[in-house]
Amino acid sequence: MAIAGLVVTAIVAFILVVLFISWFSNPPFGWGNAPAQPIDFPHTVHAGSVEEGGHAIQCEFCHRNVTSGAAATVPAVEVCVICHKQVNGSNVTTDAVAPETLINIQRVLDKHAEERPIDWERVHRMPDHVRFVHEAHIRFLTQGEERTVTLPVGDEKPMNLPVTVPEACSVCHGDVANMEVVQPQDGQSLKMGTCLDCHRENNVSTDCTICHK
């Protein structure tokens with residue numbers, strides 16, 4: 001009985017530790033990692049710097065609602081085909097790209113031909129009772145006179161504003177342009193305390209109705 005009691009105590013303690021860590025940061029042991037996507041989408045190739053072999057596509061080209069609405073939105077397959085009508089297996093060889101890349105491009109084209117969406121899996125998720133308006137945050141970071149603010153996300157270093165849209169996105173999402181696979185980033189916990197700290201630091205209202213429905 002004593003051993004059984006110790007086992008139960010250990011299990012309960014483990015669960016409490018995981019919940020405690022998850023409350024203040026990202027879940028441990030990789031449990032907070034993003035789910036696998038239906039088609040590989042390396043941001044390093046699409047949004048990465050030209051010097052590093054990327055194409056430096058701006059965030060808002062694919063996430064078209066990010067500067068004008070609440071949700072950033074994921075691109076429809078038609079947006080992918082804007083480029084991949086030209087960049088595909090018919091005019092790009094395996095000497096230029098890996099064979100698996102051409103396979104993934106063809107899968108995108110097949111989805112378009114079949115008039116079926118790509119069911120991308122969501123990486124960053126807020127609770128349903130939280131209202132987060134991307135447009136307002138992007139506007140705060142990218143517009144207005146030059147100023148310095150401290151954003152309590154990540155390393156909490158002062159930031160000189162205004163910045164570009166990709167730099168604004170990286171405040172919460174990390175350096176996505178240099179990610180092969182987009183994952184929630186350590187040190188960038190999108191918790192309520194982080195939001196409140198940022199609002200207080202930048203003289204924004206912390207009234208409950210600002211963020212909660």
Side-chain angles (χ1 to χ4, degrees), residues 12 14-37 43 47 58-76 117-145 147-177 179 181-213:
V12 171
F14 177 77
I15 293 173
L16 290 175
V17 168
V18 170
L19 290 175
F20 181 83
I21 295 173
S22 301
W23 180 267
F24 291 101
S25 184
N26 296 320
F29 313 118
W31 292 343
N33 290 349
Q37 298 295 343
H43 278 75
Q58 296 295 297
C59 302
E60 61 269 35
F61 179 80
C62 295
H63 302 283
R64 297 200 165 192
N65 202 49
V66 72
T67 59
S68 59
T73 67
V74 294
I118 302 173
D119 296 322
W120 300 110
E121 295 289 344
R122 190 164 186 167
V123 176
H124 301 88
R125 181 179 296 277
M126 290 286 187
D128 291 341
H129 63 276
V130 174
R131 177 175 59 246
F132 182 89
V133 180
H134 278 77
E135 180 275 331
H137 294 82
I138 294 293
R139 176 161 37 86
F140 174 79
L141 294 167
T142 63
Q143 298 180 21
E145 297 181 357
R147 60 206 188 277
T148 301
V149 302
T150 299
L151 300 175
V153 178
D155 55 14
E156 300 189 16
K157 289 183 179 178
M159 174 178 279
N160 295 319
L161 302 182
V163 295
T164 63
V165 171
E167 289 171 328
C169 296
S170 70
V171 169
C172 294
H173 295 293
D175 188 9
V176 172
M179 296 182 193
V181 178
V182 177
Q183 299 279 6
Q185 295 301 288
D186 291 335
Q188 291 182 288
S189 172
L190 305 182
K191 304 294 182 180
M192 180 176 174
T194 303
C195 299
L196 287 172
D197 289 345
C198 193
H199 275 221
R200 292 184 183 117
E201 182 71 30
N202 295 289
N203 298 316
V204 180
S205 174
T206 57
D207 187 281
C208 298
T209 59
I210 297 294
C211 301
H212 294 286
K213 300 176 183 178

Open item on the list: Let's go through I138 and V66 carefully: what are the C-alpha distance in whole Å and the side-chain angles of both, what is the deciding distance for side chain to side chain contact (heavy atoms under 4.5 Å, CB included) to 0.1 Å, and is it a yes or a no?
Closed with: CA-CA 8 Å; I138 294 293; V66 72; 4.1 Å; yes

Using a 3.5 Å distance criterion without hydrogens, assess whether the side chain of [X] forms a donor-acceptor pair with backbone atoms of [Y].
{"X": "D207", "Y": "T209", "result": "yes"}
{"X": "N65", "Y": "A71", "result": "yes"}
{"X": "R147", "Y": "E145", "result": "yes"}
{"X": "H129", "Y": "H212", "result": "no"}

Hey, does [Y] have a side-chain heavy atom less than 4.5 Å from the side chain of [X]?
{"X": "I210", "Y": "C208", "value": "no"}
{"X": "R64", "Y": "P75", "value": "no"}
{"X": "V182", "Y": "H124", "value": "yes"}
{"X": "V12", "Y": "I15", "value": "no"}
{"X": "V149", "Y": "L161", "value": "yes"}
{"X": "V181", "Y": "Q183", "value": "yes"}
{"X": "H134", "Y": "T67", "value": "no"}

Tell me the closest heavy-atom pair linking [X] and [Y], and the distance in Å.
{"X": "C59", "Y": "P166", "value": "SG-CA, 3.7 Å"}
{"X": "M179", "Y": "G174", "value": "CE-C, 4.1 Å"}
{"X": "T206", "Y": "H199", "value": "CG2-CB, 3.8 Å"}
{"X": "E60", "Y": "V165", "value": "OE1-CG1, 3.3 Å"}
{"X": "H137", "Y": "V133", "value": "ND1-O, 2.7 Å"}
{"X": "C198", "Y": "L151", "value": "SG-CD2, 3.7 Å"}

- [ ] Please report the C-alpha distance between S170 and D175 in whole Å, then the side-chain angles of each, then the deciding distance to 0.1 Å, and finally whether the side-chain hydrogen bond (donor to acceptor under 3.5 Å, both in side chains) criterion is met.
- [x] CA-CA 5 Å; S170 70; D175 188 9; over 6 Å; no

Can you measure from [atom1] ([X]) to [atom2] ([Y]) and round to the nearest 0.5 angstrom?
{"X": "L141", "Y": "T164", "atom1": "CG", "atom2": "OG1", "result": "10.0 Å"}
{"X": "Q58", "Y": "C169", "atom1": "CD", "atom2": "SG", "result": "9.5 Å"}
{"X": "S205", "Y": "R200", "atom1": "OG", "atom2": "CZ", "result": "11.0 Å"}

- [ ] Report the C-alpha separation of R139 and E135 in whole Å, then their side-chain angles, then the decisive distance to 0.1 Å, and conclude whether the salt bridge (Lys or Arg N to Asp or Glu O under 4.0 Å) test is met.
- [x] CA-CA 6 Å; R139 176 161 37 86; E135 180 275 331; 2.6 Å; yes

Open item on the list: Taking atom CG as the centre, does D128 end up with more than 12 heavy-atom neighbours from other residues, nucleotides or ligands that are less than 6.0 angstrom away?
Closed with: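 For D128, atom CG is not crowded (no more than 12 foreign heavy atoms under 6.0 Å).
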
TODO: Taking atom CE of M126 as the centre, report whether more than 12 heavy atoms of other residues, nucleotides or ligands fall under 6.0 Å from it.
DONE: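 Count over threshold, so yes.
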
Task: Contacts of C195 that satisfy side-chain contact (heavy atoms from CB on, under 4.5 Å) - sequence neighbours left out - done: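 Partners of C195 under the side-chain contact (heavy atoms from CB on, under 4.5 Å) test: none.
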
Open item on the list: Please evaluate residues T142 and E167 with respect to the criterion side chain to side chain contact (heavy atoms under 4.5 Å, CB included), reporting the C-alpha separation (whole Å), side-chain torsions for both, the decisive distance (0.1 Å), and the verdict.
Closed with: CA-CA 9 Å; T142 63; E167 289 171 328; over 6 Å; no

Open item on the list: Looking at F132, I'd like to know if the NZ or CZ of R125 sits under 6.0 Å from its six-membered ring centre while staying within 45 degrees of the ring's axis.
Closed with: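 That pair does not qualify as a cation-pi contact.
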
